[in-house]
Number of protein chains: 2
Amino acid sequence: MKPTVHDIARCAGVSLATVDRVLNARPGVRGATRERVEQAIVTLGYVRDLAAANLAKGRTYRFAFILPANDNSFMIGLRREVEAAIARSSVERTQIEIIEVPAFDGGALVLALENVLARKPDGVALVAIDAPQVRAVAERLADAGVAVVTLVSDLGASGRHHYAGIDNIAAGRTAANLMGRFLSKVDGRVGLLAGSMLVRDHRERLEGFLSVLSEDFPQVAILPVIEARDDPALAETSIREALRRHVGLNGIYSLGAGNRGLIRALREVDAARRPVVIAHELTASTRKALADGVIDAVLNQDAGHEVRSAIRVLKAKADGLPVLAAQERIRIDIFLKDNLP
Amino acid sequence: MKPTVHDIARCAGVSLATVDRVLNARPGVRGATRERVEQAIVTLGYVRDLAAANLAKGRTYRFAFILPANDNSFMIGLRREVEAAIARSSVERTQIEIIEVPAFDGGALVLALENVLARKPDGVALVAIDAPQVRAVAERLADAGVAVVTLVSDLGASGRHHYAGIDNIAAGRTAANLMGRFLSKVDGRVGLLAGSMLVRDHRERLEGFLSVLSEDFPQVAILPVIEARDDPALAETSIREALRRHVGLNGIYSLGAGNRGLIRALREVDAARRPVVIAHELTASTRKALADGVIDAVLNQDAGHEVRSAIRVLKAKADGLPVLAAQERIRIDIFLKDNLP
DNA sequence: CTGAAAGCGCTTACAG
DNA sequence: CTGAAAGCGCTTACAG
């Protein structure tokens with residue numbers, strides 16, 4: 001049988017309370033006693049039953065999720081997933097608060113994080129903006145014992161305990177590989193549509209895309225990046241303009257969100273003359289565009305996985321437990337019209 | 001506060017034992033009493049704490065995993081994942097037994113299932129062979145209250161409670177889409193390497209592949225399927241032979257396992273004259289081949305996810321709980337050399 | 001610094 | 001058919 005606290009107590013000749021103190025590294029145990037208990041723990045091969053511990057403690061994990069108030073389908077879906085997690089709160093012993101901040105606004109994010117710090121939850125998940133001030137508050141949170149997980153867009157590795165999102169450099173590289181192979185003309189010209197270079201995910205996708213294109217497909221020309229702040233209306237006019245100006249434009253990589261505008265502009269073009277288009281995030285509109293042949297491939301990150309993973313990791317960090325890396329890796333989904341879920 | 005059994009007992013004016021009987025649909029409660037308790041459960045909005053229940057019961061879930069004794073990396077990896085799950089047994093309250101059966105042998109599988117039935121575990125996961133006799137035993141297991149989950153390769157939807165694996169028709173369609181787009185010559189000739197048409201996953205991949213090729217890329221010719229029983233040596237000689245005979249062979253879709261042999265044969269061909277190759281399952285050898293440009297794309301199913309998902313589903317079924325479909329969907333990973341994990 | 005006792009939410013013999 | 005009491009593995013006041 002699995003050894004329990006009773007076995008440890010008996011083996012070490014102490015009471016349950018003392019075993020518990022040692023187990024949870026609480027003060028008030030003489031060195032000698034502590035050592036006897038630790039010895040017993042090792043010899044018996046004790047491993048604590050977290051569920052029983054949480055039951056006894058009546059533990060609930062208090063987490064804060066800081067999400068950008070973005071109007072694009074991906075962020076709306078992300079928020080919905082957090083809400084779904086909130087709906088499971090009682091079963092999962094969590095207590096999750098959603099905090100909305102203006103998008104692409106480092107100052108607002110810093111402020112939100114400081115507010116969170118004042119309340120000292122068990123953990124915080126944030127869609128990061130990769131700025132020094134943000135990193136600084138994140139580090140203060142970590143120092144205060146709050147688990148910090150970045151979601152979708154990362155900070156530098158310092159300043160957070162875990163990143164729940166895809167490898168965006170690899171995503172950009174993958175997009176370039178597909179773009180290069182799908183482009184039939186060797187003298188392709190590719191346009192790039194981004195949200196903002198303030199967020200690391202967009203920067204990294206761009207970086208990966210450019211490096212593979214120049215390595216493996218040097219004949220493809222790249223037009224200047226259009227930053228449309230993930231705003232559908234802005235994206236629409238910019239792309240319409242680009243399509244008009246650059247007659248030889250035969251590829252578009254949309255590395256941000258706000259694809260509704262892009263798709264509207266694309267639908268105005270004759271099917272035969274449409275560029276190869278690769279976009280991010282499977283939403284109602286990109287799905288439809290994929291099925292219709294307006295978009296050729298969609299790279300996707302599963303918001304549900306990201307949120308569930310973030311919560312698992314926050315819990316593990318709060319309990320000082322290790323995370324199962326293979327399980328928490330967020331994969332880059334590649335959708336063509338033939339493998340839509 | 002969340003209502004507990006005590007609240008129900010008080011509200012219905014009965015003892016805890018009676019509440020428990022009603023909660024677990026055990027006999028020996030008068031109709032009127034039962035109704036009062038059920039009423040209390042509803043009005044209080046009670047939802048049971050599974051962890052506490054399992055603690056009190058000392059419950060452990062007994063599962064059997066039936067795996068084919070195949071010598072390919074994928075099956076070896078799958079087995080390793082089940083072993084990893086066994087290592088987590090004490091934490092997860094499981095007791096998992098691995099049963100090996102000869103590969104592609106319906107009779108052996110039926111026998112194994114009958115042995116399992118005699119022991120009546122809580123659930124069984126099997127890599128299915130899609131034969132009527134197998135389906136029949138699976139149904140007897142289900143009737144006996146054993147949860148049945150197919151792993152990697154499915155039975156018809158009847159006969160099992162859940163399938164933990166990818167949509168193989170979609171996988172075949174995806175392979176065809178990539179193949180069609182990657183083939184530069186319009187007069188492509190594509191060879192097909194399969195394991196066995198006895199297993200549903202291979203049949204479905206073939207079906208999906210052929211349908212997209214004929215719909216969207218009718219100019220591509222398809223050679224007869226080679227069945228190599230997922231045996232690397234057999235695959236090697238068959239492919240070497242095919243490459244020799246069909247000089248215009250410029251595409252190969254390997255829809256089964258046993259890719260080590262395929263890769264050996266491919267490496268003998270001049271890089272410039274190598275066909276476009278799409279294979280399944282990311283293993284040490286396909287990973288290397290992808291990096292080296294010998295294989296162009298790998299479709300993958302994550303064995304770790306499949307095993308963990310199968311266990312979650314078996315537990316849920318054993319407890320009569322619903323499963324979170326979105327979480328349990330096994331996705332088709334598409335790996336190019338640029339997004340290797 | 002240490003321990004006896006009660007309790008977390010549920011289940012299980014056992015007695016009636 | 002129903003209930004009082006003990007127990008699952010752990011933690012928490014409280015007393016000493």
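No hydrogens, no waters, no symmetry mates; every other heavy atom, side chains included, goes into these values. Numbered from 1 within each chain, the chains take letters A, B, ... in sequence-line order.
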Side chain of A:Asp49 (C-beta onward), nearest among D:dT12, D:dT11, D:dG9 = D:dG9
Just how far is it from atom CG of A:Asn70 to atom CD of A:Glu100, taken to the nearest 0.5 Å?
-> 9.5 Å
Is any side-chain N or O of B:Thr4 closer than 4.0 Å to OP1 or OP2 of C:dC8?
-> no
Protein-nucleotide distance (B:Arg10, atom CZ; C:dG9, atom P), rounded to Å | 11 Å
Of A:Lys2 and B:Ser15, the one whose closest DNA chain D nucleotide lies more 5' | B:Ser15
Applying a 3.5 Å limit to both distances, which nucleotide forms a Watson-Crick or G-U wobble pair with C:dA4?
-> none
Whole angstrom is fine here: how far is it from CG in B:Leu23 over to C1' in C:dT12?
-> 14 Å
Report the nucleotide, chosen from D:dC10, C:dT12, C:dG3, that has the shortest atom-to-atom distance to any side-chain atom of A:Thr18.
-> C:dG3
Between D:dC8 atom P and A:His6 atom NE2, what is the distance in whole Å?
-> 7 Å
Taking the side chain from A:Lys315 and the backbone from A:Glu92, do they hold a donor-acceptor pair closer than 3.5 Å?
-> yes
What is the distance from CG of B:Leu50 to C1' of C:dC10, rounded to the nearest Å?
-> 11 Å
Side-chain donor or acceptor of B:Thr43 paired with backbone N/O of B:Gln39 under 3.5 Å = yes
Face-on cation placement of B:Arg59 at B:Tyr61 ring, 6.0 Å and 45° thresholds | yes
NA contact type, B:Ala53, heavy-atom cut-off 4.0 Å: base, sugar-phosphate, or nothing?
-> sugar-phosphate
Closest listed nucleotide, where the reference is the side chain of A:Ala56 and the choices are C:dT2, C:dC10, C:dC8 | C:dC8
Would you indicate which nucleotide in C:dG9, C:dT11, D:dC10 comes nearest to any side-chain atom of A:Leu55?
-> C:dG9
Considering only side-chain heavy atoms of B:Arg48, which listed nucleotide, D:dC10, C:dG3, C:dC10, is closest?
-> C:dC10
State which of D:dG3, C:dT11, D:dT12 makes the closest approach to the side chain of A:Lys57.
-> D:dT12
Spacing of A:Asn54 atom CG relative to C:dG9 atom P, expressed in whole Å | 13 Å
Is the distance from OP1 or OP2 of C:dT11 to the nearest side-chain N or O of B:Arg26 less than 4.0 Å?
-> no
From C:dC1, D:dC10, C:dG3, nucleotide with atom closest to A:Leu16 side chain | D:dC10
Given C:dC1, C:dT11, C:dA4, which nucleotide is nearest the side-chain atoms of B:Asp20?
-> C:dT11
Are any of the side-chain nitrogens in A:Asp7 or A:Lys2 under 4.0 Å away from the carboxylate oxygens of its partner?
-> no
Rounded off to whole Å, could you give me the CZ-to-C1' distance for the B:Arg59 and C:dT11 pair?
-> 13 Å
Starting at atom OH of B:Tyr46, determine the distance to atom P of C:dG9, rounded to an integer number of angstrom.
-> 10 Å
Report the distance from atom CZ of B:Arg93 to atom C1' of C:dC10, rounded to the nearest whole Å.
-> 12 Å
Tell me yes or no: between the side chains of B:Arg48 and B:Asn24, is some donor less than 3.5 Å from an acceptor?
-> yes
Out of A:Thr4, A:Val5, A:Ile8, which residue meets the side chain to side chain contact (heavy atoms under 4.5 Å, CB included) rule with A:Leu16?
-> A:Val5
Base, sugar-phosphate, or nothing for B:Val14, non-hydrogen atoms under 4.0 angstrom?
-> sugar-phosphate
For B:Gly13 and A:Val47, take the nucleotide of DNA chain D holding the closest heavy atom to each; which residue's nucleotide lies nearer the 5' end?
-> B:Gly13
Report yes if at least one side-chain N or O of B:Asn24 is closer than 4.0 Å to OP1 or OP2 of C:dT11; otherwise report no.
-> yes
Could you check whether A:Val5 gets within reach of a base, just the sugar-phosphate, or nothing at all, counting any heavy atom under 4.0 Å?
-> base
Contact class for A:Gly58 vs. all strands (heavy atom < 4.0 Å): base, sugar-phosphate, or nothing?
-> nothing
Is any side-chain nitrogen or oxygen of B:Thr33 closer than 4.0 Å to OP1 or OP2 of D:dC1?
-> no
Taking the side chain of A:Arg21 as its heavy atoms from C-beta onward, which of D:dC1, D:dA4, C:dT2 lies nearest to it?
-> C:dT2
